[in-house]
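The next block holds one structure in the form of structure tokens; read it before the comments.
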Amino acid sequence: MLIKSLEAINFRKYNKLIVNDIPESGVITIEGSNESGKTSIGEAICFALFGRTFFQDQKSLHKVVCWGTDVAEVTLNFKTADETVYSLWRSVNRSGEISVRLNKFDETINIKDDTSAIQDNEKAEDALAKILGFDFDAFSNSFYLAQRELTSPDPQSYSIKQMAGISAYAKITDNLELSNQRNADSISELQPQVDTNQQKLDEIDLDETWLPELIDADETLGNEQKGREQLLSQLNDNDQLYVNNFSSFNSAKKSSGMFSFLTKFGFLTTAVLWILWIINTYYPEMLIEFLVNNFGDSALSSFATFAENWLLPAAVISLLVAIFSWFMTKNAKAKMSELNTEAKGFSELLSNGHGYVTTLAESLLPERVVQLLHERDTDPSTLQVLPPREQFNNLTRLITDTADYQADPEEMSAATTRLGEALKKQDLEVGDLSNKILHDISEEKVRADNAGNLRATLHNLFKVIDKCNYSIETQTIAIGIMQRAASDSIEKFNQNISDVSANALPNFTQNRYSKLKIAEDFSVQIYSDEKKDYMDFDEISSGTQRQVMLSLRIAMSEQLSINSGNDEQFIFLDEPFAFFDQSRTNATLENLPKVSNVINQVWISAQEFPNDVTVAKQIKCPIDKSELIV
């Protein structure tokens, strides 16, 4: 970019400053004694472009307002590489409030009053950044040399990276390194939480198999208790039932014996009577002969009377009696069978009860649960002590005798009572054991929940840490890729800087020095034609050092111009010859327009310039006036 014109109102010492007809190439000198306003011109340009100066940042920018006034204004017209001329107006008041307007130059409209111009500060800054292609840091390290020592540039500065064309790489790398640092900080912050939660988890020392064992033991005891309670209820219901059934069974047994006999006798009598009736009816001669031969005529007469009046009725009655006895026998046996079924059920109840009272509860539980209960409770219980064996010596026999009602009801009742009492006692003890295990289950569930919460917390923490480590790993790889990609550009940049500096150096040093080498850290070595070798920077005189640094500054400015798309560029050098002797000053002034095809417009301020040097424009700053129009 090239400056076309500059106008300032109430800026620093100037109530009014107007610089018009600025040539696009050549040297523009700004001459004047101390405090005459030379530096103010450079600061006005800097303020217009970036809203700050080299000496005043935005916090102290109100200091550029001329004493006794309220607002400082600067209007700068400049041309870009595409030949577009822009008009830029910027102001600042005593409170430090900045206003800006930017638009394409129109000589018929004052940019200050141009309503179509960009007026939003943020939008204007964005537009300027795109138009210029560089920021304040790059500008102040290249195109603008303030009143200061000429020093070698910082290779790590962002402006140098812009000049080298690796600013995009640098931004990405910086962001990745910042992200890596944040991830590392996050890991450092999370690690104490991991350690604390892991310590708590280790202190819980949860056994994953313990809770299932406790639950299994509780279910076993619950089933045992439920079985005992059900058995007790059945024993109570069947105790009197056996007594009643015992009488009924014996009565049915007697009836069965009696009616069985009557059935057999009745059917035999019926058969005899019916045979006699048939013989008497169909073969009377045979019967008469038998009776007369064996019993005499009197027996025949008695049988004839019986046969005539009672033989058939007797046969019928005998048949009916036999049939009745058969039905009664059948009913009695059915009753006995039904009672036998109930007796077997009662026998089974006694057998189940015998199994309960003769089985240790610990044989049903997991070994570790039994060990825990033994350690906790020293009092004897159903867990490890059975009822006295003599209480149930007759129970095995009664189980067998009960099945066919051979057991004595009183003995059975007494045994049932003892069995019920033992079952009740065991039921209470099993219930107590179950309550203890339930308490253990409740505590273990709390421990398991706490362990689960700690594991979930650790899982989430590890997930975040793994994500951070993965980001660090991948971003470190990306940084390496960026650095390798940038290294070629840096090497090329250094070579370009060396070449351009070497072209300028002979002109500035009257051909005493013609070559220089620039390392990656921007350390400089100068080739001496006299010594035929490279010299370290600190081996040459201070004046030559400044000439070398000036050539380096111009070379860097040219490279930044190329990288930012500017094939024509101005440079502002404020008091660059402060430590130059007359010959160095003359040589530098004479050759400045020649050393670069890009740096066309060279602004130089100094207290005085040689009279025999031809320049493109002269600006002389009066020390006793606040207005300057050239």
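All values below were derived from every heavy atom in this structure, side-chain atoms included, with hydrogens, water molecules and symmetry-related copies excluded. Nothing fancy with the numbering, it's 1 onward along the sequence.
Atom CD1 of Ile204 is separated from atom CD of Glu444 by 9.5 Å, given to the nearest 0.5 angstrom. The line from CD1 of Ile131 to CG of Asp126 is 11.0 Å long, rounded to the nearest 0.5 Å. In this structure, CD in Glu73 is found 12.5 Å from SG in Cys66, a value given to the nearest 0.5 Å. Here the CG-CG distance, from Leu176 to Asn183, works out to 10.5 Å after rounding to the nearest 0.5 Å. For the atom pair CZ of Phe572 and CD1 of Ile28, the computed distance is 9.5 Å after rounding to the nearest 0.5 Å. Arg12 contributes atom CZ, which lies 13.5 Å from atom CG of Asn10 (distance to the nearest 0.5 angstrom).
Residues meeting the side chain to side chain contact (heavy atoms under 4.5 Å, CB included) test with Thr196, sequence neighbours left out: Lys200. Every residue meeting the salt bridge (charged side-chain N to carboxylate O under 4.0 Å, His left out) condition with Lys4, not counting sequence neighbours, appears here in chain and number order: Glu24. Annotation: side chain to side chain contact (heavy atoms under 4.5 Å, CB included) contacts of Asp120 (sequence neighbours excluded): Glu122, Lys123.
Residues Ile3 and Val19 have side chains not in contact (no heavy-atom distance under 4.5 Å, counting atoms from C-beta outward). With a 4.5 Å cut-off on side-chain heavy atoms, Tyr86 and Thr80 count as touching. Using a 4.5 Å heavy-atom cutoff, the side chains of Ile441 and Leu211 are in contact. A 4.5 Å side-chain heavy-atom check between Phe577 and Ile604 finds at least one atom pair inside the cut-off. Between Tyr144 and Ile571 the shortest side-chain heavy-atom distance does not fall below 4.5 Å. Gln225 places none of its side-chain heavy atoms less than 4.5 Å from the side chain of Leu221. Using a 4.5 Å heavy-atom cutoff, the side chains of Val602 and Phe570 are not in contact. Counting heavy atoms from C-beta on, the side chains of Ile479 and Glu177 come closer than 4.5 Å.
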CA sep, side-chain torsions, deciding dist, call: Ile465, Asn469, side chain to side chain contact (heavy atoms under 4.5 Å, CB included):
CA-CA 6 Å; Ile465 289 174; Asn469 282 326; 3.5 Å; yes

Margin query: side chain to side chain contact (heavy atoms under 4.5 Å, CB included) for Lys445 and Ser442? Distances and angles first, verdict last.
Written below: CA-CA 5 Å; Lys445 282 183 176 179; Ser442 177; 5.8 Å; no

* To do: Could you walk me through whether Leu49 and Phe136 pass the side chain to side chain contact (heavy atoms under 4.5 Å, CB included) test, one step at a time?
  => CA-CA 8 Å; Leu49 291 174; Phe136 173 78; over 6 Å; no

- Task: List the steps and the verdict of salt bridge (Lys or Arg N to Asp or Glu O under 4.0 Å) for Glu125 and Arg90.
- Result: CA-CA 11 Å; Glu125 300 300 342; Arg90 196 185 295 267; 2.7 Å; yes

inquiry  = Does Glu35 form a salt bridge (Lys or Arg N to Asp or Glu O under 4.0 Å) with Lys13? I'd like the steps, not just the answer.
reply    = CA-CA 9 Å; Glu35 297 188 2; Lys13 76 158 284 183; over 6 Å; no

Using the salt bridge (Lys or Arg N to Asp or Glu O under 4.0 Å) rule, take Asp440 and Lys436 through it: C-alpha gap first, then chi angles, then the decisive distance, then the call. CA-CA 6 Å; Asp440 292 334; Lys436 292 177 181 178; over 6 Å; no

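One side chain, Glu558 or Ser596, offers a donor N or O that lies under 3.5 Å from an acceptor on the other. With hydrogens and angles left out, the side-chain atoms of Thr69 and Arg94 include no donor and acceptor closer than 3.5 Å. Ser87 and Asn103 are not linked by any side-chain donor-acceptor pair at a separation below 3.5 angstrom, with hydrogens and angles left out of the test. Checked by atom type, the side-chain pair Trp603/Gln601 shows a donor-acceptor distance below 3.5 Å. With no hydrogens or angles considered, no side-chain donor-acceptor pair links Gln193 and Asn197 at under 3.5 Å. Judged purely by distance below 3.5 Å, without hydrogens or angles, the side chains of Asp195 and Gln199 never pair a donor atom with an acceptor atom. A side-chain donor from one of Asp185 and Gln181 sits under 3.5 Å from a side-chain acceptor of the other. Counted by atom type alone, Ser471 and Gln475 present zero donor-acceptor pairs between their side chains at under 3.5 Å.
Closest heavy-atom contact between Ile41 and Cys621: CD1-SG, 4.0 Å. Here the shortest heavy-atom pairing between Asn77 and Ser5 reads ND2-OG, 2.8 Å. The two residues Ile599 and Ser561 come nearest to each other via the heavy atoms CD1-OG, 4.0 Å.
Under a cut-off of 6.0 angstrom, the local environment of CG in Asn597 is sparse, with at most 12 non-hydrogen atoms contributed by other residues, nucleotides or ligands.
Under the 3.5 Å distance criterion, the side-chain polar atoms of Tyr14 are left unmatched by any main-chain donor or acceptor of Ser40. Listed for the Asn450 side chain is a donor-acceptor partner under 3.5 Å among the backbone atoms of Val446.
Relative ring orientation between Phe50 and Phe139 is described as tilted, the plane-to-plane angle lying within the 30° to 60° band. Note: Phe134 and Phe143 have perpendicular aromatic rings, judged against thresholds of 30 and 60 degrees for the angle between ring planes.
Under the 4.0 Å criterion applied to side-chain N and carboxylate O atoms, Arg52 and Glu43 are not assigned as salt-bridge partners. Taking a cutoff of 4.0 Å between a charged side-chain nitrogen and a carboxylate oxygen, Glu443 and Arg447 do not qualify as a salt bridge.
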